[in-house]
Amino acid sequence: MLSESIVIVGGGHAAAQLCASLVELGQGANIHLVCEEDVLPYQRPPLSKAFFKKADESIQMIKAQAWFDQHGIQVHLANPAIHLNPVKKELQLRSGLTLPYGKLVLATGTRARTLPAIPQGTENVHFLRTAKDAQALRDQFSHLSSFTLIGGGFIGLELAATFNALGKKVTVLEVAPRLLARSISPHLSEHVLQTHLSAGVDIRMQSKIKGFEFEGHRLTRIELETGHLDTECVLVGIGAVAEEALALQAGLTCSQGVVVDESLRTSDPHIWAIGDCTRFPYHANGESLRLESIQNANDQARIVAQNLCGQASKYQPTPWFWSEQGAMRLQMVGLFEPELTQVMRQGANAQSFSLFHYKHDTLQCVETVNSPMDHMMAKKMFEQKVSPPPTQVSDPNVPLKSLVA
Ligand SMILES: Cc1cc2nc3c(=O)[nH]c(=O)nc-3n(C[C@H](O)[C@H](O)[C@H](O)COP(=O)(O)OP(=O)(O)OC[C@H]3O[C@@H](n4cnc5c(N)ncnc54)[C@H](O)[C@@H]3O)c2cc1C
């Protein structure tokens with residue numbers, strides 16, 4: 001059992017997984033979990049999907065209070081950390097409580113990027129990061145017939161599909177020439193666009209916003225370069241920024257994310273960081289990376305748990321991600337980058353296929369649409385570091401299973 005206390009800041013996926021991994025490694029006592037939100041860690045992905053399908057759908061806790069109690073983990077809800085003193089090794093919470101620590105882990109995630117031209121508190125403008133955000137949107141949902149989504153990112157498109165399927169008129173304003181351009185290939189962008197359009201979502205690409213009109217505390221009209229759009233309710237989904245305020249205040253190195261080394265240690269030897277808030281060295285291209293995904297949050301938490309327990313471990317991930325947009329299940333393994341050679345493998349129907357992307361002869365990224373088996377096989381290829389010949393991958397008669405050990 002560790003004698004010095006471990007303080008974890010942040011009550012999201014990474015923090016919850018870290019608690020679970022520490023318990024698995026026999027370390028439960030002497031852990032403090034400091035949460036800004038007033039609920040225990042919960043699953044965020046359903047907030048843009050299942051949560052709106054049923055008015056009484058509740059949020060899904062990752063672990064129950066009884067689990068934390070059973071393992072002696074002290075949870076501080078609705079009590080954000082406000083000051084970190086790495087010299088004294090103390091963390092101060094909003095309530096005035098000061099927690100001394102032996103080791104501290106930052107798992108503070110991200111916050112939604114805002115638009116300065118929209119005043120805070122505008123009644124019909126929403127963001128979606130937390131259960132509270134989702135609840136506020138769902139409270140208004142049944143009274144509204146139309147929604148405008150600013151930004152065609154993953155969360156925006158998931159919501160667009162969910163709301164459209166529930167009979168709402170949805171307009172998506174995307175400034176870029178293609179959807180999800182930083183994360184997926186042009187071929188997949190086009191497929192996603194066409195799928196949403198044919199389902200009835202009004203997606204307007206290259207929509208440049210010139211300004212907003214308000215009536216009282218409501219945003220009523222969006223001025224575009226090409227005209228204007230009257231709106232009932234707006235959801236801003238223009239990405240997220242790392243929540244690094246505490247790290248910056250403590251003098252830790254940050255660069256659009258808390259900078260960590262391969263063991264996920266920050267510039268202070270007693271402080272680690274995990275999940276969406278971290279910028280870590282990415283072994284595959286020698287650059288640094290910040291990822292927003294469940295895989296990244298959970299895997300980083302497991303690595304830090306090992307390091308805290310004296311088992312030196314490095315984070316060398318194969319990133320993978322999924323997004324459910326209506327009937328479209330997208331799954332990615334590896335990272336897409338421009339100028340890769342694309343090989344397509346057709347699935348059972350036009351709505352299912354996989355794209356294998358190669359750099360020279362090496363597999364860099366596999367994108368699958370409604371092809372979960374291909375995704376599983378692709379993950380194995382990355383784990384086993386095998387790059388099957390494109391001719392075999394593209395042949396639907398060659399089972400992918402036969403190409404991995
Ligand atoms: C609507 C939605 C849908 C998503 N869908 C998917 C999906 O389909 N697939 C996927 O892979 N990923 C998805 N994600 C992303 C995924 O949820 C995140 O990558 C994951 O939650 C990151 O975990 P984290 O612990 O780093 O951050 P978070 O889960 O965001 O948790 C961070 C926590 O830290 C708290 N915090 C911040 N500052 C402080 C402080 N000073 N003191 C105390 N607490 C603090 C925050 O309040 C928050 O609770 C989705 C995210 C959202 C919002």
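Note that ligands are numbered from 1 as they come in the structure, with each ligand's atoms numbered from 1 the same way.
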Residues lining ligand 1 [heavy-atom distance under 4.0 Å, listed by chain and residue number]
Val9, Gly10, Gly11, Gly12, His13, Ala14, Val34, Cys35, Glu36, Glu37, Arg44, Pro45, Leu47, Ser48, Lys49, Pro80, Ala81, Ala107, Thr108, Gly109, Leu128, Arg129, Ile155, Glu158, Glu243, Gly275, Asp276, Glu292, Ser293, Ile294, Ala297, Phe321, Trp322

Supply the atom-to-atom distance Leu47 CG to Ile59 CD1, rounded to the nearest 0.5 angstrom.
7.5 Å

Just checking, is any N or O donor in the side chain of Glu158 or Thr162 under 3.5 Å from an acceptor N or O on the other one?
no

Rounded to the nearest 0.5 Å, the CZ atom of Phe154 sits from the OG atom of Ser293 at a distance of 10.5 Å

Identify, with sequence neighbours excluded, every residue that meets ring-ring contact (aromatic ring centres under 6.0 Å, His included) alongside Phe353.
His187, His191

Give the ring-plane orientation class for Phe212 versus Phe214, where under 30° counts as parallel, over 60° as perpendicular and anything between as tilted.
tilted

Run the ring-centre check on His357 versus Phe336 and record whether the distance is less than 6.0 Å.
yes

